Amino acid sequence: MLPFARISIIGLGLIGSSIARAVRQYMPTARLTGHDADPAVRDTAKRLDLCDDVTDTPGAAVIDADLVILCVPVGAMGALAEAIAADLPADAVVSDVGSSKAGVAAALKAALPHATIIPAHPVAGTENSGPEAGFATLFQKRWCILTPADDADAAAVARVEAFWRALGANVETMAPDHHDLVLAVTSHLPHLIAYTIVGTASDLEAVTRSEVIKYSAGGFRDFTRIAASDPVMWRDVFIANKDAVLDMLQRFSEDLTALQRAIRWGDGDALHDLFSRTRAIRRSIIEEGQDDERPDFGRSHE
Ligand code: NAP
């Protein structure tokens, strides 16, 4: 039995269109309705046949849904929830895929005080955006973190969990604040560092732009992939998860200062200890199937 039969996806970019494709593949009998604020995205969604129906307004997309998933930037979630409030069926479950959770949960609760809201964050993505960037297997073996409120309806949580498992994800439940702290260090801070490094390199006068590009395989290239992520999405994440990001940034700055000192004093043992610990973390990530161990991350060199 399907956990949901009439699924509505609002925001048909990378994540929304990937969910649509995955629902088509793994729950082919579910009815899919989609909406996006951008008429060009709606046209592309129709052309790609992502949904059974693509509506011109968010309200029309939810009118008979039993699951509504909001897949827009986190700063747009509250206004979108207000826009669907009048048309949302009383028994529908509302979820979202936002990369930060506490602020989004508060915005959804304020806009939809009587709705069943089960927030989620699929920890899967790429640096690409838009409906053409999505693919059905994006969530396979990736974690999806549910952050239901303490008093959330247990049956609704179980249905949302079953939904994500059907799409191939592993599911974990966490308090929203804890989610925001964990993701601040595993995702938000690395993005901030990548944005900084790529920005610094592009501002250097002593090194030409063509040298930066030519010799990028020395490590820089992997930062540029992260730093190519969607500017609107990431602007909203840093504003929404400000406290946890600033906490982690403070901690990071202290550790960076310690590393600076070790280099200044030629403390090879301290450097070697740290680099050995970090190498072990990389091995654990590969052992848990969360990344590719092929040389050069499986890049094609043809
Ligand atoms: P995306 O590819 O840029 O898609 C977002 C889509 O939502 C765009 O087409 C956008 O249209 C549309 N939109 C914006 N405001 C809207 C509104 N009020 N009503 C309807 N549509 C609206 O972004 P994404 O990467 O799929 O990210 C979507 C959400 O997933 C974000 O909350 C993000 O934090 C979360 N997430 C992303 C990743 C990732 O790696 N990318 C991973 C996990 C979770 P316009 O272009 O016209 O604004």
Side-chain angles (χ1 to χ4, degrees), residues 14-15 18 22 97-102 119-128 135 137-147 161 164-198 216-229 234 237-238 241 244-260 262-263 267-301:
L14 170 70
I15 300 295
S18 294
V97 294
S99 304
S100 67
K101 303 288 7 148
H121 175 202
V123 186
T126 74
E127 64 279 22
N128 301 317
F135 51 100
T137 54
L138 177 63
F139 311 109
Q140 288 286 325
K141 298 196 177 77
R142 298 285 167 250
W143 285 98
C144 182
I145 303 174
L146 307 188
T147 60
E161 173 165 351
W164 281 103
R165 286 197 191 283
L167 267 44
N170 304 322
V171 178
E172 187 117 293
T173 299
M174 234 180 240
D177 287 336
H178 188 65
H179 166 280
D180 289 353
L181 197 64
V182 171
L183 270 290
V185 73
T186 59
S187 170
H188 308 170
L189 191 58
H191 276 80
L192 199 66
I193 293 167
Y195 283 125
T196 315
I197 288 188
V198 176
S216 65
F220 183 73
R221 185 180 59 189
D222 294 318
F223 283 110
T224 62
R225 188 188 63 72
I226 300 175
S229 300
W234 283 98
V237 167
F238 289 119
N241 200 21
V245 169
L246 290 178
D247 269 4
M248 288 301 153
L249 197 56
Q250 174 64 28
R251 177 70 191 259
F252 173 78
S253 307
E254 288 165 18
D255 291 347
L256 193 61
T257 304
L259 209 54
Q260 203 177 352
I263 294 170
D267 186 349
D269 288 347
L271 298 177
H272 189 267
D273 279 359
L274 175 66
F275 302 164
S276 304
R277 275 199 288 133
T278 56
R279 179 177 250 195
I281 288 180
R282 170 79 196 153
R283 285 208 194 97
S284 317
I285 290 170
I286 291 168
E287 274 159 27
E288 289 195 15
Q290 296 296 311
D291 205 359
D292 200 323
E293 70 177 322
R294 285 173 297 161
D296 208 10
F297 310 105
R299 284 190 176 98
S300 159
H301 293 281

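No experiment lies behind these values; they were computed from the predicted model shown.
When every heavy atom of L138 is checked against every heavy atom of R142, the shortest pair comes out as O-CG, 3.6 Å. Across P190 and V185, no two heavy atoms sit closer than the pair CD-O, 3.3 Å. Listed here is the closest heavy atom pair of L189 and F252: CD2-CB, 3.8 Å. Scanning both residues, F139 and I15, for their nearest heavy atoms gives CZ-O, 4.1 Å. Across all non-hydrogen atoms, the minimal contact from Q290 to K141 is NE2-O, 3.1 Å. Contact between F135 and S18 at its shortest, heavy atoms only, is N-OG, 3.1 Å.
Applying the side-chain hydrogen bond (donor to acceptor under 3.5 Å, both in side chains) rule to D222 yields the partners R299; only residues at least two apart in sequence or on another chain are considered. Annotation: salt bridge (Lys or Arg N to Asp or Glu O under 4.0 Å) contacts of E127 (sequence neighbours excluded): R225. Under the side-chain hydrogen bond (donor to acceptor under 3.5 Å, both in side chains) criterion, D247 pairs with no residue at all, not counting sequence neighbours. Residues satisfying the ring pair (Phe, Tyr, Trp, His ring centres under 6.0 Å) criterion with F223, sequence neighbours excluded, are absent altogether.
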For residues 280-288, which side-chain N or O atoms pair as donor and acceptor with protein atoms under 3.5 Å away, sequence neighbours left out?
{"residue": "R282", "atom": "NH1", "partner": "D291", "partner atom": "OD2", "Å": "2.9"}
{"residue": "R282", "atom": "NH2", "partner": "D291", "partner atom": "OD2", "Å": "3.4"}
{"residue": "R282", "atom": "NH2", "partner": "D292", "partner atom": "O", "Å": "3.2"}
{"residue": "S284", "atom": "OG", "partner": "A280", "partner atom": "O", "Å": "2.9"}

Output a table of donor-acceptor pairs, distance under 3.5 Å, between side-chain atoms of residues 176-184 and any protein atom two or more places apart or on a different chain; print 'none' if there are none.
{"residue": "H179", "atom": "NE2", "partner": "H121", "partner atom": "ND1", "Å": "2.8"}
{"residue": "D180", "atom": "OD1", "partner": "K101", "partner atom": "N", "Å": "2.8"}
{"residue": "D180", "atom": "OD2", "partner": "A102", "partner atom": "N", "Å": "3.0"}

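One distance of note links CE of M174 with OG1 of T147; it measures 9.5 Å at 0.5 Å rounding. Rounded to the nearest 0.5 Å, atoms CG (D273) and OG1 (T278) are 10.5 Å apart. Note: D255 CG to Q250 CD = 10.0 Å, rounded to the nearest 0.5 Å. Rounding to the nearest 0.5 Å gives a distance of 11.0 Å between OG1 of T224 and CD1 of I197. Note: L249 CG to E254 CD = 10.5 Å, rounded to the nearest 0.5 Å. For the atom pair NE2 of H188 and CD1 of I193, the computed distance is 13.0 Å after rounding to the nearest 0.5 Å.
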**Asked** Please walk me through it: do I226 and H191 pass side chain to side chain contact (heavy atoms under 4.5 Å, CB included)?
**Response** CA-CA 6 Å; I226 300 175; H191 276 80; 3.2 Å; yes
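Taking a 6.0 Å sphere around CG of D269, one finds it holds 12 or fewer heavy atoms contributed by other residues, nucleotides or ligands.
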